[in-house]
Amino acid sequence: MDPVPIWLMRQAGRYLPEYRALREEAGDFLTCANTPEIATEITLQPIRRFAFDAAIVFSDILIIPDAMGRNLRFAEGEGPLLDPLEGAGDVASLDPECVVPGNQPLMDTLGRVRAALDPDTALIGFAGAPFTLAAYMIDGRGGGDFPRTRDLMRDDPDLLDRLLDVLSRSVAALLIGEIDAGAQAVQLFDSWAGLLNGFAFDRWSIGPARQIVAEVHAARPGIPFIGFPRGAGDAYARYRAETGIDVLQIDQGVSLPAMADLQRGGPIQGNLDPELLLAGGDALRAGARAILDAAGEGPHVFNLGHGVIKETPPDHVAELVATVRGHHREMPS
Ligand code: 1CP
């Protein structure tokens, strides 16, 4: 059987010396992401080095709020900043129609990358999921605490519903635009879905994802949709069943037996701990092989459970790719 396909979340970026060199020359992250020649080059860098089975376009989830006028910027050492949303008036002023016109450089990059890639290498487009985007927009910053978002969930859940509805329409429009520009699969990153428990997860992670998947599948049938409600734990199976996604990306908190169980419901993507990739050596090889053995001959795309850590030596990535490509899958008996 063919080896399992492999690509890595954050495969382009600061762990690569050629990325750091280009950043040095070209300037800040947003300039690079918004300049198609540069974003194309950055997207292709890890493909040249490691011949991954897929390229993911170099961009960011926060381009949606930026196109809506929330003024994205990156403060050195602080991560992303946005103008925080202040109440119902700000939410009502958000216009989903500006998201595709406001992101023409991304569309241009997708076309260029598709033209440069080998036909056997898939091109993946992506977007942030509505809840994760809302958390950055309400708090105006990342980091994972999101105190203002938690307050809004308690104090005015209906306003959060309205915000997520505008974002769901924006995300669907962006993903359809990305597909038309050259993306052959799309991934939805709900990086902070783990903040939601029980009913809140159904309402604010599953609900919007279901609406987006339905819209993208109806508009562009046959394009695989990868969903990543990071930290969903016991709710991963429900997320897959209820959203209609094609491939479930799981984080490294999912145990090997739980992963095998989830795979019975459909294709999985993941879930090596990025710390093992950072560590390298026997720990890396053993961790990767354990995942390959547990996923067996079932449908599996090898990936990490979250993004590549920036201190990761590129040699470790090469070692991982060799391990995955050298692993022989059991033929079904
Ligand atoms: O200086 C730099 O190099 C900037 C760091 C950086 C990079 C390389 C940011 C800022 N974004 C990106 C690119 C990026 N972001 C990609 C490129 C494609 C690839 O994977 O190679 C992707 C898919 C993203 C997606 C993204 N951005 C997510 C979802 C995935 C995840 O990590 O959970 C999130 C949450 C963001 C927000 C964001 N953008 C940048 C940073 C540092 C962050 C995280 C901030 C925080 O911790 O809250």
Side-chain angles (χ1 to χ4, degrees), residues 6-24 26-34 38-47 49-50 52 54-66 70 72-82 106 109-110 113 123-147 149 171 174-175 178 183 185-195 205 226-232 249-253 269-271 274 303-312 317:
I6 174 171
W7 68 278
L8 304 180
M9 293 188 282
R10 294 282 170 102
Q11 64 190 19
R14 278 185 291 193
Y15 75 104
L16 288 178
E18 58 270 35
Y19 172 83
R20 294 194 299 267
L22 190 54
R23 275 286 305 275
E24 195 76 24
D28 64 0
F29 168 75
L30 277 178
T31 305
C32 292
N34 288 323
I38 299 173
T40 299
E41 170 59 23
I42 294 173
T43 304
L44 294 172
Q45 284 175 345
I47 306 301
R49 231 186 220 262
F50 308 114
F52 287 120
I56 181 163
V57 68
F58 188 74
S59 178
D60 196 73
I61 63 165
L62 299 174
I63 61 168
I64 285 182
D66 193 42
R70 306 315 299 169
L72 173 64
R73 63 258 181 224
F74 286 90
E76 209 48 57
E78 266 206 277
L81 297 174
L82 296 165
L106 166 62
T109 302
L110 283 159
V113 174
L123 175 56
I124 300 174
F126 69 92
F131 175 72
T132 288
L133 295 179
Y136 284 98
M137 292 169 80
I138 295 162
D139 273 87
R141 59 193 319 124
D145 285 344
F146 301 110
T149 302
V171 167
L174 186 79
L175 293 176
E178 291 179 0
V186 290
Q187 179 154 340
L188 189 66
F189 286 93
D190 211 348
S191 300
W192 300 109
L195 296 175
S205 182
I226 311 162
F228 184 25
R230 186 166 74 93
Q249 163 74 48
I250 54 181
D251 68 82
Q252 64 270 21
Q269 180 172 283
N271 73 339
N303 206 313
L304 300 175
H306 200 200
V308 178
I309 297 168
K310 75 171 193 291
E311 290 77 17
T312 302
V317 177

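One-based numbering, in listed order, for ligands and for the atoms of each. Note that the coordinates shown come from a computational prediction; the quantities given were computed from them, not determined experimentally. Each residue takes its place number in the sequence, starting with 1.
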Original post:
Any heavy atom of V308 sitting closer than 4.0 Å to ligand 1?
Top reply: no
Subject >> Interfacing atoms of ligand 1 (cut-off 4.0 Å, heavy-atom, F58) >> reply: 8 (C)
**OP:** To the nearest 0.5 angstrom, please state how far the CD1 atom of I226 sits from the CE atom of M9.
**Re:** 10.0 Å
**OP:** In plain terms, say whether R14 and E311 are close enough for a salt bridge, that is, a side-chain N and a carboxylate O under 4.0 Å apart.
**Re:** no
Subject >> Heavy atom of the protein closest to atom 10 (C) of ligand 1 (residue, atom name, distance) >> reply: F74 CE2, 3.2 Å
**OP:** May I ask which of G143, P80, G144 has a heavy atom nearer to atom 41 (C) of ligand 1 than the others do?
**Re:** P80
Subject >> Min heavy-atom dist G13 to ligand 1 below 4.0 Å >> reply: no
**OP:** Assign the ring pair F146 / Y136 to parallel, tilted or perpendicular, where the plane angle (0 to 90°) is split at 30° and 60°.
**Re:** perpendicular
Subject >> Y19 and ligand 1 - part of the residue with a heavy-atom distance under 4.0 Å >> reply: side chain
Original post:
Which residue holds the protein heavy atom closest to atom 20 (O) of ligand 1, what is that atom called, and what is the gap in Å?
Top reply: R10 N, 2.7 Å
Original post:
Can you tell me which residue and heavy atom of the protein come closest to atom 6 (C) of ligand 1, and the distance to 0.1 Å?
Top reply: F29 CE1, 3.8 Å
**OP:** Could you grab the distance from atom CG of L304 to atom CD of Q269, nearest 0.5 Å is fine?
**Re:** 10.0 Å
Subject >> Least distance between heavy atoms, N271 atom then D251 atom >> reply: ND2-O, 3.1 Å
Original post:
Going by heavy atoms in the side chains, are L106 and E178 under 4.5 Å from each other?
Top reply: yes
Original post:
When rounded to the nearest 0.5 angstrom, what distance separates CZ in F58 from CD in E41?
Top reply: 11.5 Å
Original post:
Can an N or O of T132 be found at a distance shorter than 3.5 Å from an N or O of ligand 1?
Top reply: no
Original post:
Where do L72 and P80 come nearest, in terms of heavy atoms and distance?
Top reply: CD1-CB, 4.0 Å
Original post:
Nearest to atom 31 (C) of ligand 1, what protein heavy atom do you find, and at what distance?
Top reply: H306 NE2, 3.1 Å
Original post:
Got the closest protein heavy atom to atom 29 (C) of ligand 1, with its distance?
Top reply: S191 OG, 3.2 Å
Subject >> G142: numbered ligand 1 atoms lying under 4.0 Å from its heavy atoms >> reply: 48 (O)
Original post:
What are the atoms of ligand 1, with element, lying closer than 4.0 Å to any heavy atom of A12?
Top reply: 21 (O)
Subject >> Nearest protein heavy atom with distance in Å, relative to atom 46 (C) of ligand 1 >> reply: Y136 OH, 3.3 Å
Original post:
Between R23 and ligand 1, does any nitrogen or oxygen pair lie at a separation below 3.5 Å?
Top reply: yes
**OP:** Have a look at L8, D60, D139 and point out the one with the heavy atom closest to atom 15 (N) of ligand 1.
**Re:** D60
**OP:** Taking T149 for its side chain and I138 for its backbone only, find out whether a donor-acceptor pair lies under 3.5 Å.
**Re:** no
Original post:
What's the shortest distance from atom 14 (C) of ligand 1 to any protein heavy atom, and which residue and atom give it?
Top reply: S59 O, 3.1 Å
Subject >> Full working for side-chain contact (heavy atoms from CB on, under 4.5 Å) between W7 and N303 >> reply: CA-CA 6 Å; W7 68 278; N303 206 313; 3.2 Å; yes
**OP:** Among all protein heavy atoms, pick the one closest to atom 34 (C) of ligand 1 and tell me residue, atom and distance.
**Re:** I61 CD1, 3.5 Å
**OP:** Kindly write out the residues that satisfy side-chain hydrogen bond (donor to acceptor under 3.5 Å, both in side chains) with Y19, not counting sequence neighbours, or none if the list is empty.
**Re:** R23
